[in-house]
2 protein chains.
Amino acid sequence: MKELPTIQANVCCGLATGVIDETDAARIAPMFKALGDPVRLRLAALIASQTEMCVCELTPQFELSGSTISHHLRILREAGLIDGERRGTWVYYWIKPDALHALSALLQPTPATA
Amino acid sequence: MKELPTIQANVCCGLATGVIDETDAARIAPMFKALGDPVRLRLAALIASQTEMCVCELTPQFELSGSTISHHLRILREAGLIDGERRGTWVYYWIKPDALHALSALLQPTPATA
DNA sequence: ACCTTGAATCGACAATCATCGAAACAGCAT
DNA sequence: ATGCTGTTTCGATGATTGTCGATTCAAGGT
């Protein structure tokens, strides 16, 4: 689990609020992309359903190899949606609520302009 | 512009609310996936910024071929995020607010369980 | 009828992706 | 030290994707 520069969850200018410029789009799209895979969506939901979750609990929920699960967790982490750390033998991941809120706000009708 | 069966925007069991089963994940993930490309994210935001928008207005906003824009619009439409119709020479697209709301709710902390 | 313009489809191609098994790494317990 | 188990990384592979240009389709105008 190397150190990874993660995407800033600094989401401005909502989708329903207004236009998104090229730079913002490049920053935000990877977050949606990360949620755009069924396995990762379920992983994120599982992780969000608890304050934190061990990889050893996550993996058996899928009929996929451990390396594939690890790969998906990395993508969710690089997207800034989750974070994690090793504690002894096991690795735990938790959701980053700010990122979720930011995306949620982005999709909301008219948060500020109303 | 052929007829296309679009995805049901019937989003239940939020990501922050609880677990998402395999079937729901398969139904919802394509929506996030559609927003997971910078060009499509900007397209969606542009379309959402007006009640409707002509392809002829959309295309010049990007340094991409018309066929590429058309391709991305199709993906957004198949994901159920936008809809459109031809009126004479031009084709207009509009956002489907319900789909956006559904995704937004999915990402919200605790919509109902709070 | 014909041509022009806006948009979608087709066919192709390089790039990215999801997945796996094997190998490497990190802790812990003998 | 040695081995065992959980997790990540590496390398490979088949599938999907974003993009283009060429073609086709739709609707108007002449």
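Numbered from 1 within each chain, the chains take letters A, B, ... in sequence-line order.
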Report the distance from atom [atom1] of [X] to atom [atom2] of [N], rounded to the nearest whole Å.
| X | N | atom1 | atom2 | answer |
| --- | --- | --- | --- | --- |
| B:E85 | C:dA8 | CD | P | 13 Å |
| B:R87 | D:dA27 | CZ | P | 13 Å |
| A:R74 | C:dT16 | CZ | P | 16 Å |
| B:H71 | D:dT17 | NE2 | C1' | 7 Å |
| B:Y92 | D:dA27 | OH | C1' | 13 Å |
| B:L73 | D:dT19 | CG | C1' | 15 Å |
| A:W90 | D:dC4 | CH2 | C1' | 12 Å |
| A:R86 | C:dC25 | CZ | C1' | 8 Å |

Worksheet item: How would you list, by chain and number, every residue that makes a side chain to side chain donor-acceptor pair (under 3.5 Å) with A:R40, sequence neighbours excluded?
Response: A:H72
Discussion item. If you apply the rule side-chain hydrogen bond (donor to acceptor under 3.5 Å, both in side chains), what do you find for B:T68 with B:S65, and how did you get there?
Written reply: CA-CA 5 Å; B:T68 299; B:S65 71; 2.9 Å; yes
Hey, does [X] reach any base, or is it just sugar-phosphate, or nothing, if we go heavy atoms under 4.0 Å?
| X | value |
| --- | --- |
| A:I69 | nothing |
| B:T68 | base |
| A:I75 | sugar-phosphate |
| A:S70 | base |
| A:G66 | base |

Worksheet item: Rounded to the nearest 0.5 Å, how far does NZ of A:K96 lie from CG of A:L76?
Response: 11.5 Å
Worksheet entry | Electrostatic pair B:R27-B:E22, nearest N-O below 4.0 angstrom | no
Side chain of [X] only, please: which of [options] is the nearest?
| X | options | value |
| --- | --- | --- |
| A:Y93 | D:dT8, C:dC17, D:dG6 | D:dT8 |
| B:H72 | C:dG6, C:dC17, D:dT19 | D:dT19 |
| A:L64 | C:dG6, C:dC20, D:dG6 | C:dC20 |

Worksheet item: Is there side-chain contact between B:L58 and B:Y92, with at least one heavy-atom pair below 4.5 Å?
Response: no
Worksheet item: Is B:V19 linked to A:L100 within one hydrophobic cluster, defined over Ile, Leu, Val, Met, Phe, Trp and Tyr using a side-chain heavy-atom separation of less than 4.5 Å?
Response: yes
Discussion item. Checking A:E57 now: which residues fulfil salt bridge (charged side-chain N to carboxylate O under 4.0 Å, His left out) with it, not counting sequence neighbours?
Written reply: none
Worksheet item: Is there a donor N/O on one and an acceptor N/O on the other, under 3.5 Å, for the side chain of A:T59 and the base of D:dG6?
Response: no
Item to complete: With a 4.0 Å heavy-atom cut-off, tell me which residues in residues 35-43 of chain A come close to DNA chain C, sorted by residue number.
Response: A:D37, A:R40
Worksheet item: Is the shortest side-chain N/O distance from B:K33 to OP1 or OP2 of D:dT17 below 4.0 Å?
Response: yes
Discussion item. If you assign A:S65 and B:S67 each to the DNA chain C nucleotide with the nearest heavy atom, which residue ends up on the more 5' nucleotide?
Written reply: B:S67
Worksheet item: Would you find a donor on one side and an acceptor on the other, under 3.5 Å apart, between the side chain of B:S49 and the backbone of B:L46?
Response: yes
